[in-house]
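Structure record follows, encoded as structure tokens.
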Number of protein chains: 2
Amino acid sequence: MIDPSADRAVFRQLADLLRDQIMSGELGPGEPLPSELRLAQEYGISRTTVRQAIAQLRTEGLVTVERPRGTFVRIPEEVKLITLARGERAGARMPTDAERRAHRLGEGVPVLVVTAPDGSTTVHPADRVQLTRP
Amino acid sequence: MIDPSADRAVFRQLADLLRDQIMSGELGPGEPLPSELRLAQEYGISRTTVRQAIAQLRTEGLVTVERPRGTFVRIPEEVKLITLARGERAGARMPTDAERRAHRLGEGVPVLVVTAPDGSTTVHPADRVQLTRP
DNA sequence: GTCCATTTGTCCGTATGTATC
DNA sequence: GGATACATACGGACAAATGGA
């Protein structure tokens with residue numbers, strides 16, 4: 001399972017394990033992960049290390065934490081389509097903390113930034129918006 | 001500066017301070033942040049808390065860490081323009097581990113995913129690619 | 001070349017707070 | 001009220017890599 005003497009850090013090994021379970025569907029959308037204490041006991045590691053692993057999955061946008069209910073596999077959002085107007089450009093980046101709160105963004109969710117010809121920009125949550133061409 | 005009795009967590013307050021210095025240009029691209037130990041002593045907090053703050057900035061893509069040289073303000077990449085063809089759609093998400101290595105992506109850098117009408121997708125690093133319309 | 005100081009990475013244990021059930 | 005679960009913060013310890021004396 002987890003090898004403390006391995007090259008890869010313990011918290012990364014645990015993140016790999018959980019990520020595999022999510023990607024394979026063994027842990028489906030909306031399903032809870034075991035609690036931090038449970039994981040710590042199960043793998044014989046500290047809760048601190050478990051939290052490092054879960055933090056990794058949060059930054060990857062794979063799980064959401066509802067405190068103090070638990071940690072759950074992220075459920076995909078409904079996607080709205082936005083047309084990219086002529087002369088506009090679009091990029092993506094991670095939101096700042098303020099933007100995250102303003103748009104009620106989950107962790108590990110980027111934003112799409114659309115720049116108009118006049119330089120003004122609009123920001124869209126990347127988990128709910130996709131860009132199209134008319 | 002930092003108020004331990006404030007509503008906002010100490011590590012978020014420190015992240016806010018550093019982010020402001022980066023956004024304002026007081027800390028320019030390529031410049032080093034003070035070492036973790038230095039920041040801990042300067043603000044009278046533990047190194048653990050400092051690391052939480054820096055982890056926050058890493059997930060936002062604002063800084064890169066070169067161990068053990070230090071932590072530096074990220075230097076913007078040259079941006080290449082990609083045209084969004086008719087019928088294509090584009091979104092953004094955080095990369096998988098494999099994509100991170102394949103594109104040599106830094107932390108906190110999303111990917112742009114372009115989906116063709118036939119369902120095939122191409123992935124671009126969001127720090128080096130922007131989308132346009134012809 | 002070696003030795004040493006610096007810096008980040010990892011891991012542990014503990015404690016307290018806060019929100020939910 | 002009590003139990004559970006995540007959030008925050010502290011402390012300590014050792015490893016690994018870099019760079020300079």
Side-chain angles (χ1 to χ4, degrees), chain A residues 1-18 27 30-74 97 100-101 104-108, chain B residues 1-18 27 30-59 61-74 97 100 106-108:
Chain A
M1 291 280 211
I2 284 185
D3 176 12
S5 68
D7 234 23
R8 193 160 174 79
V10 171
F11 83 87
R12 294 189 194 281
Q13 294 182 53
L14 176 55
D16 291 344
L17 276 175
L18 295 171
L27 275 173
E31 279 190 74
L33 272 62
S35 77
E36 296 173 353
L37 192 60
R38 183 96 170 67
L39 288 169
Q41 290 168 341
E42 181 155 351
Y43 292 101
I45 58 184
S46 77
R47 198 189 141 207
T48 311
T49 303
V50 171
R51 279 183 64 76
Q52 277 184 282
I54 292 181
Q56 179 64 39
L57 300 178
R58 292 169 75 162
T59 67
E60 296 174 12
L62 293 180
V63 301
T64 62
V65 177
E66 297 173 37
R67 170 188 174 204
R69 288 192 49 233
T71 304
F72 302 86
V73 180
R74 184 182 294 272
D97 206 54
R100 280 228 344 256
R101 277 172 291 152
R104 300 240 189 300
L105 282 171
E107 287 168 309
Chain B
M1 289 280 211
I2 284 186
D3 176 12
S5 67
D7 229 25
R8 192 161 176 77
V10 172
F11 82 88
R12 294 190 195 280
Q13 294 182 52
L14 176 56
D16 292 344
L17 277 175
L18 295 170
L27 273 173
E31 279 191 76
L33 273 61
S35 78
E36 296 173 354
L37 193 60
R38 184 99 170 65
L39 288 170
Q41 290 168 341
E42 182 156 351
Y43 293 100
I45 59 184
S46 75
R47 195 188 145 207
T48 311
T49 304
V50 171
R51 279 183 65 77
Q52 276 184 280
I54 292 181
Q56 178 65 39
L57 300 178
R58 291 169 74 163
T59 67
L62 293 179
V63 302
T64 61
V65 177
E66 297 172 36
R67 173 189 177 201
R69 290 192 47 233
T71 304
F72 302 84
V73 179
R74 171 159 298 177
D97 244 28
R100 284 251 328 262
E107 287 171 309

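Basis for what follows: all heavy atoms, side chains included, without hydrogens, waters or symmetry-related copies. Reminder, nothing fancy here: chain letters follow the sequence lines and each chain counts from 1.
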Exercise. Whole-Å distance between D/dA7 P and B/Ile45 CD1?
Worked result: 19 Å
For this session: Find the partner of D/dA7: check Watson-Crick (N1-N3 plus N6-O4 or O6-N4) and G-U wobble (N1-O2, O6-N3) distances, both under 3.5 Å, and reply none if neither fits.
Result: C/dT16
Exercise. To the nearest Å, how far apart are B/Leu37 CG and D/dG11 P?
Worked result: 12 Å
Exercise. Mind checking whether A/Thr49 and A/Leu14 have side chains closer than 4.5 Å, heavy atoms only?
Worked result: no
For this session: Would you kindly compare A/Thr48 and A/Arg69 by the position of their nearest DNA chain D nucleotide and give the one closer to the 5′ end?
Result: A/Arg69
Exercise. What nucleotide, of D/dA13, D/dA17, C/dG13, holds the atom closest to the side chain of A/Ser46?
Worked result: C/dG13
For this session: Look at the side-chain N and O atoms of B/Thr71 and state whether any lies under 4.0 Å from the OP1 or OP2 oxygen of C/dT8.
Result: yes
Exercise. Between D/dC6, D/dA9, C/dG9, which nucleotide gets closest to the side-chain atoms of B/Ala9?
Worked result: D/dA9
Exercise. What nucleotide among D/dA9, C/dT10, D/dC6 has an atom nearest to a side-chain atom of A/Glu36?
Worked result: D/dC6
For this session: Starting at atom CZ of B/Arg67, determine the distance to atom C1' of D/dA15, rounded to an integer number of angstrom.
Result: 7 Å
Exercise. Are any of the side-chain heavy atoms of B/Gln13 and B/Met1 separated by less than 4.5 Å?
Worked result: no
Seminar exercise, completed: Closest non-hydrogen atoms of A/Ile2 and A/Val10, given as atom of the first, atom of the second and distance, are CG2-CG1, 3.9 Å
Exercise. So does B/Arg51 get a side-chain nitrogen or oxygen closer than 4.0 Å to the phosphate oxygens (OP1/OP2) of D/dA9?
Worked result: no
Problem set entry | Euclidean distance, atom CZ of residue A/Arg8 to atom P of D/dA16 [Å, nearest integer] | 17 Å
Problem set entry | Test item: A/Arg51 side-chain N/O and A/Glu36 main-chain N/O as donor-acceptor pair under 3.5 Å | no
Exercise. When the distance from CZ of A/Arg38 to P of D/dA3 is rounded to whole Å, what number comes out?
Worked result: 20 Å
